[in-house]
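Right, one structure below, let's go through it.
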Protein chains: 2
Amino acid sequence: MLKYQQIAIDIEKYIEEHALQQRDKLPVLEHLMAQFEVSKSTITKSLDLLERKGVVYQVRGSGIFVRRQSRKGYISLLSNQGFKKDLEEFNVTSEVIELTVCKPTKEAAHNLNIELSSDVYYVKRIRCVNGKTLCLEESYYNKAFITYLNKEIASESIFHYIKEGLGLKVGFSDIYLHVDKLNDEEADYLGLKKGDPKLFMESVFHLTNGQPFDFSKVTYNFEQSQFFLQANSHLL
Amino acid sequence: MLKYQQIAIDIEKYIEEHALQQRDKLPVLEHLMAQFEVSKSTITKSLDLLERKGVVYQVRGSGIFVRRQSRKGYISLLSNQGFKKDLEEFNVTSEVIELTVCKPTKEAAHNLNIELSSDVYYVKRIRCVNGKTLCLEESYYNKAFITYLNKEIASESIFHYIKEGLGLKVGFSDIYLHVDKLNDEEADYLGLKKGDPKLFMESVFHLTNGQPFDFSKVTYNFEQSQFFLQANSHLL
DNA sequence: CAGTGGTCTAGACCACTAA
DNA sequence: TAGTGGTCTAGACCACTGG
């Protein structure tokens, strides 16, 4: 574990354990340097990381302050690892409807940057939270990277398997979303009515080396899903 | 302008002008250090910034590569400055329905961290793109910070006025969203039907010093709006 | 103007990738 | 194993906030 990551974890834990509230002040940089016995840049890197995570904000000439996001049960749009972590206090389950090795659609091939003749795993799942259907998910995994997959794995966390089981490193993702009306099939799977609202999300996940390995299309049940996001203009 | 910001702009411009594509390789760090005559940390800071913006990705032991987001007409969920910038190739206009000084609702007071007896500017607008209604927006601005506002300003970019006219510095924002059905009033404003889908977004914008100054509730026209987001796990 | 965070440097050393 | 990006340091100097 790198120093600046460990320090970030320690500081976040400190905030948590002392139940610090929005706008509470943290010790000054010099104090933190001494406390963790590291240079200024290392502490700064930890704090920048926490700032991006939405845990603190820094004000030049003033101090470092706590930023606490309040609402529970919201899915983070940035976590980039599926939503299992956001909803960990809830009971998330998956029902695998289909799992096959096949050729990608034109759309999937384009997003995965592969030939139409390549092999992909196609996975169709329904994901539930506390017994209620959260979303319908169709995913295409590049078989060159995701060399093996089965129903048992897919009924748990595929991302956990990719990272721990296959030892792959997940890097960045592109996410596109819009709102539309459910068609017959989607409504049926989600237990809603045709024409009801849906949030439709397309994601392309890449490994750290830039190779796309997963193209997913997810239809969310509007009654069960809510999302949050923390943005910070000066970090972009 | 800070060195690392200027360098980031220069590199992004270089990518743009040379029409570099996804996965194209940029010069190595040492080369960039020499070219811009700065230290390694400064170049690194520029590249980290571009990585967060989704412009490049860095692979240890391999190189720095271009990441180009493709789809046009999508609103960035991270830009945090209204969507004028994302849609700048389009004609964005605003129609002010209401603009008054009043007391905040309980909800607005809570989100703005002010008393119920404080004054706020309440602004209700319809925003259009190329003549089509994009969204209905209700905003509460803390009058202690946004000391003056009028219909003329509100029919242009309020954020531009806040930054340039009032000289305030916009920091971070919390964004919450979910999907629902339009009610009568919303449908009427957006030119849709009651029961049609909507994306509903609540945002709290803060100044760099952590003070919330704007609480907004926005209802998007599902036929006119689409969004994107670029996430990066190792940056959080 | 004292206190506090931000930028920048030069350089040592580490960790990963690809040939 | 050469090439390349990442971490970390110690310290100088800058820029902003708030009493």
Side-chain angles (χ1 to χ4, degrees), chain A residues 1-9 11 23-52 56-67 145 167-172 206-211 232-236, chain B residues 1-9 11 23-52 56-67 145 167-172 206-211 232-236:
Chain A
M1 174 73 72
L2 297 168
K3 278 192 187 180
Y4 80 91
Q5 293 177 329
Q6 186 59 54
I7 292 171
I9 291 171
I11 294 176
R23 283 176 278 276
D24 280 356
K25 196 169 185 296
L26 290 178
V28 300
L29 270 184
E30 205 160 351
H31 179 107
L32 294 170
M33 285 168 64
Q35 178 181 342
F36 291 103
E37 297 180 296
V38 290
S39 72
K40 189 174 178 176
S41 350
T42 302
I43 276 292
T44 297
K45 201 156 185 188
S46 303
L47 290 167
D48 285 351
L49 201 158
L50 290 174
E51 192 158 25
R52 285 197 292 278
V56 304
Y57 60 95
Q58 302 179 76
V59 185
R60 192 201 306 238
S62 181
I64 305 154
F65 303 90
V66 172
R67 178 180 176 196
F145 301 124
L168 296 174
K169 283 176 215 152
V170 176
F172 52 91
H206 306 254
L207 300 174
T208 48
N209 69 5
Q211 296 295 330
N232 203 323
S233 57
H234 89 274
L235 298 177
L236 305 180
Chain B
M1 174 71 72
L2 297 168
K3 278 192 187 179
Y4 81 92
Q5 292 178 330
Q6 186 58 55
I7 292 172
I9 291 171
I11 293 176
R23 283 176 277 277
D24 281 356
K25 195 171 184 299
L26 291 177
V28 301
L29 271 184
E30 204 159 353
H31 179 107
L32 295 170
M33 286 168 64
Q35 178 182 342
F36 291 103
E37 297 179 298
V38 291
S39 72
K40 189 173 179 178
S41 352
T42 303
I43 276 291
T44 297
K45 201 156 184 189
S46 303
L47 291 167
D48 285 351
L49 200 157
L50 290 174
E51 191 159 25
R52 285 197 292 278
V56 305
Y57 60 94
Q58 303 180 75
V59 185
R60 174 164 11 198
S62 178
I64 304 155
F65 303 90
V66 173
R67 178 179 176 196
F145 301 123
L168 296 175
K169 284 177 214 152
V170 177
F172 52 91
H206 306 254
L207 300 173
T208 47
N209 69 4
Q211 296 295 329
N232 203 322
S233 57
H234 89 273
L235 298 177
L236 311 175

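A, B, ... follow the sequence lines: proteins, then strands. Residue 1 opens every chain.
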Worksheet item: Phosphate oxygens OP1/OP2 of C/dC8: is one of them under 4.0 Å from a side-chain N or O of B/Tyr4?
Response: no
Discussion item. As an exercise, state the distance from CD1 of A/Ile7 to CD of A/Gln35, rounded to the nearest 0.5 Å.
Written reply: 9.0 Å
Discussion item. What is the distance, to the nearest angstrom, from the CG atom on A/Leu29 to the P atom on D/dA15?
Written reply: 18 Å
Item to complete: Please confirm whether any donor atom in the side chain of B/Lys40 sits under 3.5 Å from an acceptor in the base of C/dG11, or the reverse.
Response: no
Worksheet item: Do any side-chain nitrogens or oxygens of A/Thr42 fall under 4.0 Å of OP1 or OP2 in D/dT9?
Response: yes
Discussion item. Nearest whole Å is fine: how far is C/dG6 C1' from A/Asp48 CG?
Written reply: 9 Å
Worksheet item: Just wondering, do B/Leu168 and B/Thr208 contact through their side chains at under 4.5 Å, heavy atoms?
Response: no
Item to complete: Please figure out whether B/Val38 or A/Val59 has its closest DNA chain C nucleotide nearer the 5' end.
Response: A/Val59
Practice prompt. Could you tell me whether the side chain of A/Leu235 reaches within less than 4.5 Å of the side chain of B/Arg52, counting heavy atoms only?
Written response: yes
Discussion item. Would you say that B/Lys45 contacts B/Lys40 through its side chain, given a criterion of any heavy-atom pair below 4.5 Å between the two side chains?
Written reply: no
Discussion item. If you only use heavy atoms from C-beta on, which nucleotide in D/dC16, C/dA15, D/dC8 is closest to the side chain of B/Arg60?
Written reply: C/dA15
Discussion item. Under 4.0 Å from OP1 or OP2 of C/dC8: is there any side-chain N or O of B/Lys45 that close?
Written reply: no
Worksheet entry | Shortest side-chain distance from B/Lys169, nucleotide among D/dC16, D/dG6, D/dT9 | D/dC16
Worksheet, complete the sentence: Rounded to whole Å, the NZ-P distance (B/Lys25 to C/dA18) equals 11 Å
Worksheet item: Rounded to whole angstroms, how far apart are CD1 on A/Ile64 and P on D/dT17?
Response: 15 Å
Practice prompt. Select from B/Thr208 and B/Thr44 the residue whose nearest nucleotide in DNA chain D is closer to the 5' end of that strand.
Written response: B/Thr44
Discussion item. I'd like to know if the side chain of B/Thr42 and the backbone of B/Lys3 have a donor-acceptor N/O pair within less than 3.5 Å.
Written reply: no
Fill in: d(CG, B/Leu32; P, D/dG3) in whole Å
17 Å
Item to complete: When you get a sec, tell me which of D/dG5, C/dC8, C/dA10 is the closest nucleotide to the side chain of B/Leu2?
Response: C/dC8
Item to complete: Verify the contact: side-chain N or O of B/Ser39 to OP1 or OP2 of C/dT9, cut-off strictly under 4.0 Å; return yes or no.
Response: yes
Response to the item:
Taken to the nearest whole Å, CZ/B/Phe36 to P/C/dA10 is 17 Å
Response to the item:
From CD1 of A/Ile43 across to P of C/dG6 the rounded distance in Å is 12 Å
Worksheet item: In whole angstrom, what separates B/Asn209's CG from D/dG18's C1'?
Response: 12 Å
Practice prompt. Looking at every strand, decide which applies to A/Leu47 at a 4.0 Å heavy-atom threshold: base, sugar-phosphate, or nothing.
Written response: nothing
Fill in: Selected nucleotide, minimal atom distance to B/Ser41 side chain, candidates C/dA10, D/dG18, D/dT9
C/dA10
